[in-house]
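One structure is given below, encoded as structure tokens.
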Amino acid sequence: MNIEKFIQEQAAASIETLYGKVGDELIQVQKTRKEFEGDYTLVVFPLLKASRKSPEMTAAEIGEHMTAASPALNGFNVIKGFLNLALDPAFWGARFAEIAADEKFGLGQPSGRTVMVEYSSPNTNKPLHLGHIRNNLLGYSVASILAANGNEVIKANLINDRGIHICKSMLAWQLYGGGETPESSGMKGDHLVGKYYVEFDKHYKAEIKELAAQGMAEDEAKQNAPLMLAAQEMLRKWEAKDPETIALWETMNGWVYEGFDKTYKDLGVDFDKVYYESQTYLLGKNIVEEGLAKGVLYRREDGSVWIDLTADGLDEKLLLRSDGTSVYMTQDLGTAYQRFEQYKLDELIYVVGNEQNYHFQVLKLVLKKLGYDWADHIYHLSYGMVELPEGKMKSREGTVVDADDLMDGMVAEARQMSEELGKLDGCTEEQAEAVGRMVGLGALKYFILKVDPKKTMLFDPRESIDFNGNTGPFIQYTHARIRSVLRKADETGVDYSGKVDPNAGFVQAEIEIIKQLADYPSVVCAAGETLSPSLVAAYVYDLAKLYNGYYHDHQIMREENQAVRRMRLQLCLQVARMIRSGMALLGIDVPERM
RNA sequence: GGUCCCGUAGCUCAGCUGGAUAGAGCAACAGCCUUCUAAGCUGUAGGUCUUUGGUUCGAAUCCAAACGGGAUCACCA
């Protein structure tokens with residue numbers, strides 16, 4: 001049941017009898033702040049007009065009436081204009097029983113809606129870095145959260161496998177690679193290709209410098225450097241389907257895909273549908289034609305097609321080049337159309353960095369002007385950049401934090417920590433390895449997902465990600481601790497299965513935990529509405545923190561009263577379950593021991 | 001210049017559609033392991049919520065302006 005709503009209804013009923021009917025928006029119920037006594041608080045200020053009495057009087061009257069009317073309420077206090085209502089322990093006990101019995105607790109009813117989440121969408125000319133990690137984790141988590149809210153979710157990846165940047169890597173490999181392959185070099189495929197992307201840039205810069213020394217202007221040098229001309233020539237060949245070029249392209253992209261597959265696997269993300277730009281880049285031209293016919297778009301003398309968005313505060317935007325070839329925007333128009341058609345999507349979410357805010361603003365506006373109603377159901381989940389202490393990451397300047405390196409580092413650190421603490425003595429090598437992975441990745445994932453997506457975040461590679469405090473490992477540790485207690489119960493034959501007794505004599509700390517457990521569905525729902533994994537992260541952290549305090553102050557297995565011990569074990573079980581469930585929404589696994 | 005985002009403790013971040021004395025973690029300091037996992041728990045200290053106006057019973061939150069930081073405005077993607 002939705003407790004807040006329950007209180008709201010009780011309050012509405014009492015207010016109506018006392019003062020007459022008032023609007024729902026005036027009945028403001030919120031959780032009581034920790035420093036005050038009570039569970040829920042009714043803010044009475046908005047009701048003063050109806051009551052025509054002082055805040056204190058009004059609150060007292062409503063409090064009296066509500067506690068008399070509802071057996072679930074066993075007391076109240078008034079502080080200034082705030083009416084703090086206390087619920088009966090048995091009421092919380094009933095909620096606890098409800099939660100324990102509900103296997104789908106926290107999961108929303110099927111919504112009948114289909115949502116596509118596009119995320120990751122890498123270029124195949126270099127390996128993934130920290131920025132991609134944020135993208136992938138966000139996309140995966142948002143997809144999980146939407147699924148938990150009862151939506152049919154399609155995870156999509158649009159791989160940018162063509163274009164001039166790919167040709168640069170290919171060309172450099174041809175020129176300087178000496179036939180090097182992932183096998184011959186022992187390098188991961190995406191890293192190998194990335195190496196030649198950097199190599200291209202190095203030689204290209206040298207050429208520019210040389211041309212400049214010969215007196216050529218910089219812009220001109222950039223355009224006329226032999227390497228650039230060769231790369232452009234290669235792109236033309238690719239577009240003309242030159243067999244040799246295509247073969248090289250397929251080979252090198254194949255290396256990259258193998259590399260990406262490993263990175264995705266390590267990260268724990270996956271996709272239901274993979275699109276390749278080489279197969280979609282021609283889409284959208286017919287939409288442009290349609291726009292021309294409708295007069296929404298216009299053609300310039302040189303043949304290029306544009307849309308004028310100056311009336312909307314934006315600029316003019318190119319949609320088709322003068323040679324008739326498409327640009328990024330053309331393709332996105334086409335793929336969006338195709339997806340809404342094919343899957344009858346209710347929503348299409350693009351997880352893309354905020355550097356592309358303008359692009360998506362334009363995309364939606366163009367579709368809207370073309371008369372497509374579904375344009376309103378495109379949502380750009382725009383996330384901030386991950387910055388280093390010295391500023392933005394620049395792949396060409398080698399200041400990127402590589403995804404694979406970062407993950408390996410985190411895992412190694414987690415492993416070392418486990419060993420130092422002696423936590424995994426007696427475990428097999430495989431178990432220790434698995435825990436190290438879980439904890440290392442848990443630290444990384446939580447570190448990234450606890451931050452509001454739209455904010456720029458800072459990552460300092462010299463200061464490793466914490467394992468203490470508000471971190472993934474803290475939460476994982478709490479889970480492992482609980483499992484340890486439950487194992488002990490199993491080993492000693494203490495039975496805690498069966499129904500929860502709602503009158504088991506809960507102490508306040510237990511009620512606080514039950515309150516937090518009861519909150520889970522509304523958090524999952526809010527996270528789905530706002531596409532914010534950070535809400536789930538904060539929730540799980542609060543739960544773990546509450547539990548740790550409780551664990552510190554109360555005996556569980558050593559509790560002598562069998563009924564109380566049973567209830568405590570059941571409570572532990574539910575906390576572990578909600579931690580596991582919440583962390584799963586973040587794409588984080590929790591260990592049985594650590 | 002246009003559009004958009006951000007500004008909260010020394011650092012990294014929470015603070016939901018306006019509500020009570022602005023919260024965590026890290027770092028610092030002081031404590032707690034012969035007792036279910038100390039990756040834990042407790043305490044101390046740390047704030048002009050960038051600034052100024054406005055809206056109102058009430059503003060970190062909403063509005064406006066200023067200041068500071070970032071992104072973007074390509075026949076790149």
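Computed from a prediction, not measured in an experiment: that's the story for all the values here. Letters A, B, ... are given to chains in the order of the sequence lines, protein chains preceding strands, and every chain is numbered from 1.
Against the 90° criterion about 0, the sugar-base torsion of C62(B) places it in the anti range.
Closest approach to the F82(A) side chain among G40(B), A77(B), G19(B) is made by G19(B) (side chain taken as heavy atoms from C-beta onward). Across U37(B), A39(B), G19(B), the shortest atom-to-atom separation from the side chain of V43(A) is found for G19(B). Proximity note for N468(A) (side chain, C-beta onward) versus C26(B), G19(B), U37(B): the nearest is C26(B). Candidate nucleotides A20(B), A77(B), C36(B) were compared by shortest atom distance to the side chain of F36(A), and A20(B) ranks first. The side chain of S418(A) lies closest to A39(B) when the candidates are A39(B), A77(B), U37(B). Comparing C76(B), A38(B), G15(B) by their closest approach to the side chain of R481(A) singles out A38(B). Here the side chain of F45(A) is nearest to one of A71(B), C36(B), C57(B), namely C57(B). Among G70(B), G23(B), C41(B), the nucleotide with an atom closest to any side-chain atom of E35(A) is G23(B). Ranking C76(B), A20(B), C36(B) by closeness to the Y551(A) side chain, first place goes to C36(B).
N84(A) and T41(A) share a donor-acceptor pair across their side chains, judged by distance under 3.5 Å alone. A side-chain donor from one of T58(A) and S51(A) sits under 3.5 Å from a side-chain acceptor of the other.
The CZ atom of F467(A) sits 14 Å away from the P atom of A27(B) (whole-angstrom rounding). A38(B) atom C1' lies 9 Å from atom NE2 of H552(A), rounded to whole Å. One can place CG of D553(A) at 12 Å from C1' of G40(B), the figure rounded to the nearest angstrom.
Using a 4.0 Å cut-off, no side-chain N or O of R483(A) falls inside it from OP1 or OP2 of U37(B). Within the 4.0 Å cut-off from OP1 or OP2 of A77(B), not a single side-chain nitrogen or oxygen of Y328(A) is found. For R33(A), no side-chain nitrogen or oxygen approaches OP1 or OP2 of G15(B) to under 4.0 Å. OP1 and OP2 of C57(B) both lie 4.0 Å or more from every side-chain N or O belonging to K49(A).
To the nearest whole angstrom, the two P atoms, one in A39(B) and one in U48(B), are 36 Å apart. Taking atom C1' on both nucleotides, A77(B) is separated from G7(B) by 31 Å, rounded to a whole Å. Across the P atoms, G47(B) and A65(B) are found 32 Å apart, a figure rounded to whole Å. Of the C1' atoms belonging to G19(B) and C26(B), the separation is 31 Å, rounded to the nearest Å. To the nearest whole angstrom, the two C1' atoms, one in C49(B) and one in G15(B), are 11 Å apart. Comparing the P positions of C62(B) and A14(B) gives an interatomic distance of 15 Å, to the nearest angstrom. Comparing G31(B) with C4(B), their C1' atoms sit 50 Å apart, to the nearest whole Å. U42(B) and C5(B) are spaced 40 Å apart, taking the C1' atom of each and rounding to whole Å.
Looking at T478(A), its side chain has no donor and acceptor atom pair within 3.5 Å of the base of A39(B). Taking 3.5 Å as the limit, the base of A39(B) and the side chain of T471(A) contain no donor-acceptor pair of atoms between them.
Cation-pi geometry between K168(A) and Y197(A) is not satisfied (NZ or CZ under 6.0 Å from the ring centre, within 45° of the ring normal). Both the sub-6.0 Å distance and the 45° axial angle are satisfied by R162(A) relative to the ring of Y281(A). Both tests hold for R300(A) against W306(A): distance to the six-membered ring centre under 6.0 Å, angle to the ring axis within 45°.
Ring geometry for H359(A) against Y328(A) counts as parallel: the plane angle stays under 30°, on a 0 to 90° scale with 60° as the upper cut. By the 30° and 60° cut-offs, the orientation of the rings of W249(A) relative to W238(A) is perpendicular.
Proximity of residues 440-459 of chain A to RNA chain B (heavy atom under 4.0 angstrom from any strand atom) is restricted to V451(A), D452(A), K454(A), K455(A), T456(A), M457(A), L458(A). For the contact set between residues 357-366 of chain A and RNA chain B, defined by any heavy atom under 4.0 Å, the members are N357(A), Y358(A), Q361(A).
Partners of Y550(A) under the ring-ring contact (aromatic ring centres under 6.0 Å, His included) rule, at least two apart in sequence or in another chain, are H554(A). Remark: Y358(A) engages no residue in a ring-ring contact (aromatic ring centres under 6.0 Å, His included) (not counting sequence neighbours).
With RNA chain B read from its 5' end, the first of the two nearest nucleotides for M417(A) and V29(A) is the one closest to V29(A). Nearer to the 5' terminus of RNA chain B, by closest-nucleotide assignment, is the contact made by V435(A) (compared with the other of N354(A) and V435(A)).
Salt bridge annotation for D519(A)-K515(A): absent, with no cationic side-chain nitrogen under 4.0 angstrom from a carboxylate oxygen.
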Next item on the list: Could you walk me through whether N125(A) and S169(A) pass side chain to side chain donor-acceptor pair (under 3.5 Å), step by step?
Entry: CA-CA 6 Å; N125(A) 63 332; S169(A) 299; 4.9 Å; no

Checklist line | Steps toward side chain to side chain contact (heavy atoms under 4.5 Å, CB included) verdict (Y547(A), H552(A)) | finding: CA-CA 8 Å; Y547(A) 179 83; H552(A) 183 265; over 6 Å; no

Sequence neighbours excluded and cut-off under 3.5 Å, please list the side-chain donor-acceptor pairs for residues 465-475 of chain A, or say none.
| from | atom 1 | to | atom 2 | distance (Å) |
| --- | --- | --- | --- | --- |
| N470(A) | OD1 | Y446(A) | OH | 2.6 |
| T471(A) | OG1 | F467(A) | O | 3.4 |
| T471(A) | OG1 | F474(A) | N | 3.2 |

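In this structure, N84(A) reaches the bases: a heavy-atom distance under 4.0 Å links it to at least one base atom across the strands shown. At a threshold of 4.0 angstrom between heavy atoms, the contacts of P55(A) with the nucleic acid are absent. Heavy atoms of A480(A) sit under 4.0 angstrom from at least one base atom. K317(A) comes within contact range of no nucleotide atom at all, as no heavy-atom separation falls under 4.0 Å. At a threshold of 4.0 angstrom between heavy atoms, the contacts of G163(A) with the nucleic acid are absent. Within 4.0 Å of T41(A), counting heavy atoms only, lies at least one base atom of the nucleic acid. The residue H479(A) sits apart from the nucleic acid: no heavy atom pair falls under 4.0 Å. Q356(A) comes within 4.0 angstrom of a nucleotide base, judged by non-hydrogen atoms across all strands. Among the heavy atoms of the strands lying under 4.0 Å from Q28(A) is at least one base atom, whether or not backbone atoms are also near.
L444(A) places a side-chain heavy atom less than 4.5 Å from the side chain of L406(A). Put simply, the side chain of K445(A) does not reach to within 4.5 Å of the side chain of L586(A), judged on heavy atoms.
Nearest approach of D542(A) to Q516(A), heavy atoms of both residues: CB-NE2, 3.5 Å.
Base pairing in RNA chain B yields stems of at least 3 consecutive Watson-Crick or G-U pairs, both distances under 3.5 Å, namely B:1-7 with B:67-73, B:10-13 with B:23-26, B:28-32 with B:40-44, B:50-54 with B:62-66.
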